[in-house]
Amino acid sequence: MSARPAGPPVPRTVVLGATGLGLTALAAEVLPRVLGVPDDVLPPLSVILGALAAEVPTPQFRAALAATTVQWGLGLAIAVVLGVAVGVVLGSVPWLRRLTASTVEFLRPIPSVALVPLAVLVLGTQLRSALLLIVYASFWQVLVQTMYGVADVDPVAEQTARSYGLGRWARVRHVLWPTAQPYVATGVRLAAAVALILAITAELVIGSPGLGREIAAAQSGGATALVYGLVLVTGLLGLVVNVGVRALERRLLRWHVSVRGEVAP
Amino acid sequence: MLEVRGLRKVYTSRDRTVEALRDITFSVAAGELVCLVGPSGCGKTTLLKCLAGLLGPTGGEVRVEGRPVSGPPPGMAVVFQEYGRSLFPWMTVAQNVELPLRHKGRGRAERRRLVAESLAAVGLAHTPDAYPWQLSGGMQQRVAIARALAYEPHVMLMDEPFAAVDAQTRADLEDLIRTLWDRTGVTTLFVTHDIDEAVYLGERVVVLSSSPTVVQDDLPVDLPRERDQLDTRAMPRFTELRTRVYGEIRAAQRAAGRPDGA
């Protein structure tokens with residue numbers, strides 16, 4: 001008889017992770033005080049959290065958080081739809097893929113931030129220019145992953161579908177799309193992170209409404225603790241995004257090798 | 001039911017051409033169970049893909065139910081050797097079996113009946129909701145066979161379906177094929193490289209030569225219709241037939257200058 005307590009044991013990684021986070025927080029609190037770092041350089045964690053706690057209930061903060069989230073979500077959604085559609089078409093038509101490969105390889109490495117002046121020039125400091133940057137940066141992530149996914153269709157699965165009389169559209173739906181899904185999920189996860197970076201960047205640089213603009217405002221007001229606090233919020237947002245996409249991935253791809261080990265008996 | 005006349009397939013790449021099939025002529029009558037056996041590398045898979053309408057021949061023609069094949073024929077089901085890749089891992093067993101029926105325009109109730117019946121026929125009535133990758137190799141190939149059965153084909157093609165399963169499973173699956181053929185009478189062409197399997201399963205064995213491939217021999221299997229893994233394989237007639245087929249294949253390999261069939 002084992003004397004194990006009832007309920008699932010807490011995994012070791014969770015314990016270690018929580019401990020690591022706690023130690024980091026402790027260091028962030030203690031080190032500035034011990035080393036005598038001035039508050040306008042690096043305030044202790046409690047001061048940062050205090051400044052943030054004062055900021056969070058304000059309508060201004062909530063509006064900024066909402067604006068960032070909407071820009072991020074909208075930009076990501078457009079990029080995913082475009083990236084998947086173009087990726088499926090380019091991926092399944094070999095001559096089109098060869099025709100566009102060099103162009104894609106040329107356009108993809110252009111840092112989105114380099115397009116800021118252009119976006120402002122053409123679209124002004126509106127939501128549209130922020131969206132343009134977000135979509136441009138995240139589109140490539142989805143496109144490239146989708147094309148990898150389409151290229152991964154198993155010839156035997158494809159022949160099976162053809163031999164049972166499935167037409168082109170049915171094969172896209174039942175063979176190509178499920179095969180590409182894990183790749184698309186990876187693309188979406190990468191794109192989600194990139195989209196958040198670009199959303200904050202656009203707000204900082206262009207001044208479109210959102211957390212980035214609040215950070216810039218706090219900076220010009222010399223509110224160091226608040227700047228740190230808002231940076232923490234953007235980090236937290238990134239974490240929520242990542243965890244959310246991963247959870248979605250696990251749900252949709254429970255059949256896939258990368259997930260099934262955790263679910264199958 | 002299935003007629004192959006003067007079938008020829010040449011693969012052309014930039015700097016060389018390979019004649020995979022030279023001149024294949026044979027036919028399978030309605031309700032027959034014919035095994036196609038040949039040395040490895042003789043183009044069995046190429047031939048099967050031409051029959052299934054997945055590959056266009058260079059010359060000659062294939063007719064299924066009187067109609068020339070230019071794409072996958074509607075009344076045909078194919079069971080592939082690579083069951084793990086032929087079944088869709090994102091669908092459950094039942095969904096895999098059902099998918100072709102949805103595209104055949106069968107109603108919901110009928111689909112459900114066909115899926116249940118065909119899974120029961122292969123001994124998998126209890127696992128409709130499992131995913132293929134949760135099953136053993138032999139069970140996965142049973143699912144692929146159930147999918148073919150549910151399709152209610154007029155002709156069934158099987159491409160070395162048991163090449164990747166262990167010996168015991170293989171014997172069970174061979175008997176399953178005999179039983180299903182006995183019960184449904186579906187015209188079946190079974191491709192294999194295993195001489196014993198060809199003689200044990202077939203009512204007729206078509207022997208292919210080495211590449212470039214022609215039909216080397218076409219012999220009826222005059223064994224009792226009721227086959228048994230122990231009794232049938234112990235019959236003198238079984239040994240005679242397998243020795244004859246073996247001899248043919250060895251002669252073909254020798255003629256091609258490859259005594260090992262490597």
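Keep in mind that what you see is a predicted model, and the values were worked out from it rather than measured. Both backbone and side-chain heavy atoms feed into the values below; hydrogens, waters and symmetry mates do not.
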Winner by heavy-atom pair count (cut-off under 4.5 Å) against chain A, out of [options]:
{"options": "B/R147, B/M76, B/K104", "result": "B/R147"}
{"options": "B/A52, B/P72, B/P132, B/G71", "result": "B/P72"}
{"options": "B/L101, B/L99, B/V79", "result": "B/L99"}
{"options": "B/A148, B/P74, B/P153, B/G53", "result": "B/A148"}

Can you name the nearest heavy-atom pair linking [X] to [Y], along with the distance?
{"X": "A/A170", "Y": "B/H103", "answer": "CB-CE1, 3.2 Å"}
{"X": "A/L166", "Y": "B/P100", "answer": "CD1-CA, 4.4 Å"}
{"X": "A/P155", "Y": "B/R85", "answer": "CD-NH2, 3.9 Å"}
{"X": "B/L54", "Y": "A/S163", "answer": "CD2-N, 4.2 Å"}
{"X": "B/Y131", "Y": "A/W255", "answer": "CE2-CB, 4.2 Å"}

In Å and rounded to the nearest 0.5 Å, what is the CG to CZ distance from A/D154 to B/F88?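 A/D154 CG to B/F88 CZ: 9.5 Å, rounded to 0.5 Å.
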
Does B/R113 have more than 12 heavy atoms from other residues, nucleotides or ligands lying within 6.0 Å of its CZ?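 For B/R113, atom CZ is crowded (more than 12 foreign heavy atoms under 6.0 Å).
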
Count the heavy atoms of every other residue, nucleotide or ligand shown that sit under 6.0 Å from CZ of B/F26, and state whether that count exceeds 12.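 Enclosed.
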
So, do A/Q159 and B/V78 sit near enough that their side-chain heavy atoms are less than 4.5 Å apart?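 A side-chain contact is absent here, since even the closest heavy-atom pair is not under 4.5 Å.
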
Looking at side-chain heavy atoms only, is the closest gap between A/H174 and B/R102 below 4.5 Å?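 Heavy-atom side-chain distance check passes, below 4.5 Å.
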
Residues A/T179, B/W90; criterion side chain to side chain contact (heavy atoms under 4.5 Å, CB included); working and verdict: CA-CA 9 Å; A/T179 304; B/W90 46 86; 3.4 Å; yes

Segment of B/A77 engaging chain A (4.5 angstrom heavy-atom cut-off):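 It is both, since atoms from each part get that close.
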
Non-hydrogen atoms of chain A under 4.5 Å away: do they reach the side chain of B/K49, the backbone, both or neither?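 When you check distances to chain A, only side chain atoms of B/K49 fall under 4.5 Å.
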
